[in-house]
Amino acid sequence: MNSSEIQMRIASKLQGRSHLMVAFSGGLDSTVLLHALVQLRMQNFPHLQLRAAHVHHGLSRYADLWVDHCKSVCQQWQVPLHVLRVKVDAQRSGVEAAARDARYHAIAGLIGNHETLLTAQHLDDQCETFLLALKRGSGPTGLSAMASHMPFFSTEQIRPLLDISRAQLEEYAASYDLKWVEDDSNQDDRFDRNFLRLRVIPNLRDRWPHFPEAVARSASLCAEQEQLLDELLLDSLQSLMSEDDSLNIEGLLPMSEAKRYALLRRWIACFGVMMPTREQLQRLWHEVATAREDAEPQLQLGKNQVRRYRQHLYLLPPLRSLKTEVIAWDPRESLPLPDGLGELQLGERGICVRAPRSDEAVSIRFVAHGTLRIVGRRHSRPIKKIWQEHNIPPWERERTPMLYYGETLIAALGVFITQDGQGMADRPVWNIHWTKDWM
């Protein structure tokens with residue numbers, strides 16, 4: 001495949017898209033991709049709008065030199081370059097995964113909804129990804145490896161080099177005398193991907209020259225099977241999911257284990273989180289979904305957790321404990337709530353409570369104890385029973401703003417008002433509106 005054929009193959013993957021952002025590391029793969037797009041812009045597609053993003057991870061002593069190289073290349077090729085500096089937290093998922101996560105989130109903060117992200121993974125990368133999934137014992141979803149087209153936050157990502165080998169990219173670079181940087185960590189075979197690249201795949205290719213192409217076909221077949229299952233199971237999944245995206249456990253009980261686990265995977269995929277292992281799916285079912293009725297079970301899936309409430313499963317993002325928060329509130333100003341819970345403000349709508357007396361300090365907290373008498377009830381009830389009557393899951397009880405005057409609970413916003421907070425016709429009242437940007 002000559003350089004012109006590579007360029008036209010890339011053009012065919014764009015399918016008319018004209019606003020493109022290239023993830024540009026300065027390595028061979030992204031250098032060829034960016035150069036090919038620049039050539040297309042000059043020769044065949046003058047309407048192409050190109051930008052490049054270089055992510056500075058700070059993991060290599062050469063990182064600043066790579067930035068300088070990328071700036072020089074983009075200046076020469078007249079492509080605007082954005083350098084994004086990130087911090088990599090490798091404590092949870094390892095350096096490779098953490099760097100990838102940081103890189104994509106940084107680019108997501110830059111890319112426009114009208115742009116398409118182009119990344120330079122190639123045929124050999126696809127082979128490595130497939131073998132890594134095989135090593136983990138993945139099913140068809142994992143063995144599908146990397147998709148050529150996929151959603152990317154509010155836009156999309158395309159990998160136009162997936163059917164082009166590294167050797168072909170090297171030939172392209174040589175034909176244009178391109179220069180690129182080499183990441184020194186690529187020679188460290190302690191990393192799984194490097195181990196495959198340096199020690200395993202060369203031997204496989206020596207024995208079977210077309211091994212990466214065969215792997216790519218297998219990955220494509222796995223992807224087709226998964227797409228078919230998605231279509232076949234869509235009606236079942238939609239019938240089990242509630243408006244709040246929880247999953248009905250009772251509907252899963254009569255199903256075969258294979259169908260049940262397939263639906264659980266697709267439900268989890270709706271949230272864009274990492275797919276669980278088979279062992280995690282088994283634990284989810286036996287330790288959470290079918291745990292004893294009086295339990296409050298949960299299972300950690302990466303940074304997220306699965307919890308059960310009233311025969312429904314909920315997949316929740318990381319939730320910071322707010323039990324100790326006490327926030328003084330000057331009602332003349334709107335009040336931003338912690339952890340992305342929105343804000344409070346006085347106005348003409350919202351719950352209506354009595355206004356505080358001059359000697360009552362106003363605060364917002366996220367915890368209440370004991371027995372309460374609420375408006376609309378003749379008798380006092382334990383706070384736990386009140387939450388249950390209003391169908392509030394345990395994790396939401398600790399994230400519901402509680403209005404206090406001094407040490408007296410006035411209201412749980414959006415849920416109930418206590419007798420101490422009831423408005424009187426002959427006294428001033430407040431209308432408090434809670435804007436929930438987290439919903």
Side-chain angles (χ1 to χ4, degrees), residues 9-10 12-13 15 29 93-94 96-97 100-101 104 117-152 156-166 168 191-197 200-205 207-238 252 255-282 284-285 301-302 315:
R9 182 166 294 192
I10 291 172
S12 69
K13 306 295 176 56
Q15 298 177 343
D29 318 333
S93 53
E96 291 175 284
R100 181 176 60 250
D101 187 58
Y104 281 148
L117 174 65
L118 301 188
T119 56
Q121 293 93 347
H122 51 73
L123 181 65
D124 299 62
D125 293 326
Q126 183 78 310
C127 183
E128 293 163 11
T129 301
F130 182 94
L131 293 176
L132 287 171
L134 194 63
K135 183 265 295 183
R136 292 192 298 267
S138 299
T141 301
L143 295 176
S144 299
M146 294 181 287
S148 58
H149 291 69
M150 63 181 295
F152 181 78
E156 62 179 344
Q157 176 183 358
I158 296 179
R159 299 180 174 102
L161 305 182
L162 275 186
D163 56 355
I164 301 172
S165 70
R166 179 179 173 87
Q168 290 170 321
F191 297 116
D192 289 344
R193 188 175 287 275
N194 290 347
F195 177 78
L196 289 172
R197 182 182 303 138
V200 177
I201 294 178
N203 288 326
L204 293 172
R205 196 194 295 272
R207 178 68 181 238
W208 301 295
H210 299 291
F211 184 82
E213 288 85 352
V215 166
R217 285 196 298 273
S218 293
S220 178
L221 290 171
C222 288
E224 286 182 12
Q225 292 298 309
E226 282 299 285
Q227 183 179 351
L228 176 60
L229 278 176
D230 287 343
E231 294 174 6
L232 294 175
L233 293 174
L234 179 60
D235 289 343
S236 295
L237 181 62
Q238 291 178 337
L252 293 169
M255 295 181 180
S256 68
E257 184 178 87
K259 185 175 182 179
R260 182 187 304 139
Y261 287 164
L263 284 166
L264 284 171
R265 287 191 188 95
R266 280 154 181 81
W267 173 65
I268 291 170
C270 292
F271 299 87
V273 304
M274 182 174 291
M275 194 57 55
T277 63
R278 183 173 182 81
E279 178 187 3
Q280 286 175 317
L281 278 179
Q282 291 171 338
L284 190 163
W285 182 251
L301 289 180
L315 197 149

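What you are looking at is a predicted structure, and each value in this text was computed from that prediction instead of being measured.
- Taking 4.5 Å as the limit, every side-chain heavy atom of Arg9 sits out of range of all side-chain heavy atoms of Leu161.
- Legend: residues meeting side-chain hydrogen bond (donor to acceptor under 3.5 Å, both in side chains) with Arg265, ordered by chain and number and at least two apart, are absent.
- Take Phe271 and apply the ring-ring contact (aromatic ring centres under 6.0 Å, His included) test, not counting sequence neighbours, and it matches Trp267.
- For the residue pair Gln121/Thr119, the side-chain donor-acceptor check at 3.5 Å is satisfied.
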Where do Asp163 and Glu213 land on the side-chain contact (heavy atoms from CB on, under 4.5 Å) test, with the steps shown first? CA-CA 8 Å; Asp163 56 355; Glu213 288 85 352; over 6 Å; no
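- Separating the CG atom in Leu284 from the CZ atom in Arg260 is a distance of 11.5 Å, to the nearest 0.5 Å.
- A donor-acceptor contact shorter than 3.5 Å is absent between the side chain of Arg207 and the backbone of Asn203.
- Under the side chain to side chain contact (heavy atoms under 4.5 Å, CB included) criterion, Pro276 pairs with Ile268, Gln280, Leu281, Leu301, sequence neighbours left out.
- Under the rule for a side-chain hydrogen bond (donor to acceptor under 3.5 Å, both in side chains), Gln238 has no partner lying at least two apart in sequence or in another chain.
- With sequence neighbours excluded, no residue forms a side-chain hydrogen bond (donor to acceptor under 3.5 Å, both in side chains) with Ser144.
- Residues Lys259 and Leu252 have side chains not in contact (no heavy-atom distance under 4.5 Å, counting atoms from C-beta outward).
- In this structure Arg205 satisfies the side chain to side chain contact (heavy atoms under 4.5 Å, CB included) test together with Asp124, Ile201, Pro212, sequence neighbours excluded.
- Partners of Gln227 under the side chain to side chain contact (heavy atoms under 4.5 Å, CB included) rule, at least two apart in sequence or in another chain, are Glu231.
- For Glu156, the side chain to side chain contact (heavy atoms under 4.5 Å, CB included) test picks out Arg17, Thr116, with sequence neighbours left out.
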Just distance, no hydrogens or angles: give the donor-acceptor pairs under 3.5 Å from side chains in residues 132-140, sequence neighbours left out.
unit_1 : atom_1 : unit_2 : atom_2 : d
Lys135 : NZ     : Asp192 : OD2    : 3.3
Ser138 : OG     : Ala133 : O      : 3.1

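- Screening Lys13, Gln126, Met150, His122 against Arg159 for a side-chain contact (heavy atoms from CB on, under 4.5 Å) leaves a single residue, Met150.
- Looking at every heavy atom in both residues, Leu263 comes nearest to Ser236 through CD2-CB, 4.1 Å.
- Contact between Leu237 and Cys270 at its shortest, heavy atoms only, is CD2-SG, 4.2 Å.
- For Trp285, the ring-ring contact (aromatic ring centres under 6.0 Å, His included) test picks out no residue, with sequence neighbours left out.
- Among all heavy-atom pairs drawn from Gln15 and Ser12, the shortest one is CG-O, 3.5 Å.
- By the side-chain hydrogen bond (donor to acceptor under 3.5 Å, both in side chains) test, Ser220 is found to be paired with no residue, residues two or more places apart in sequence or in another chain being considered.
- Remark: Leu229 CG to Glu226 CD distance equals 5.5 Å, nearest 0.5 Å.
- A 6.0 Å sphere centred on CZ of Arg100 holds no more than 12 heavy atoms belonging to other residues, nucleotides or ligands.
- The ring-ring contact (aromatic ring centres under 6.0 Å, His included) test applied to Tyr261 returns no partner, not counting sequence neighbours.
- Residues Pro160 and Ile164 come closest through the heavy atom pair O-CD1, 4.4 Å.
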Step by step, would you call Glu128 with Met146 a side-chain contact (heavy atoms from CB on, under 4.5 Å)? CA-CA 10 Å; Glu128 293 163 11; Met146 294 181 287; over 6 Å; no
Stepwise, does the side-chain contact (heavy atoms from CB on, under 4.5 Å) test hold for Asp125 with Arg197? CA-CA 9 Å; Asp125 293 326; Arg197 182 182 303 138; 4.1 Å; yes
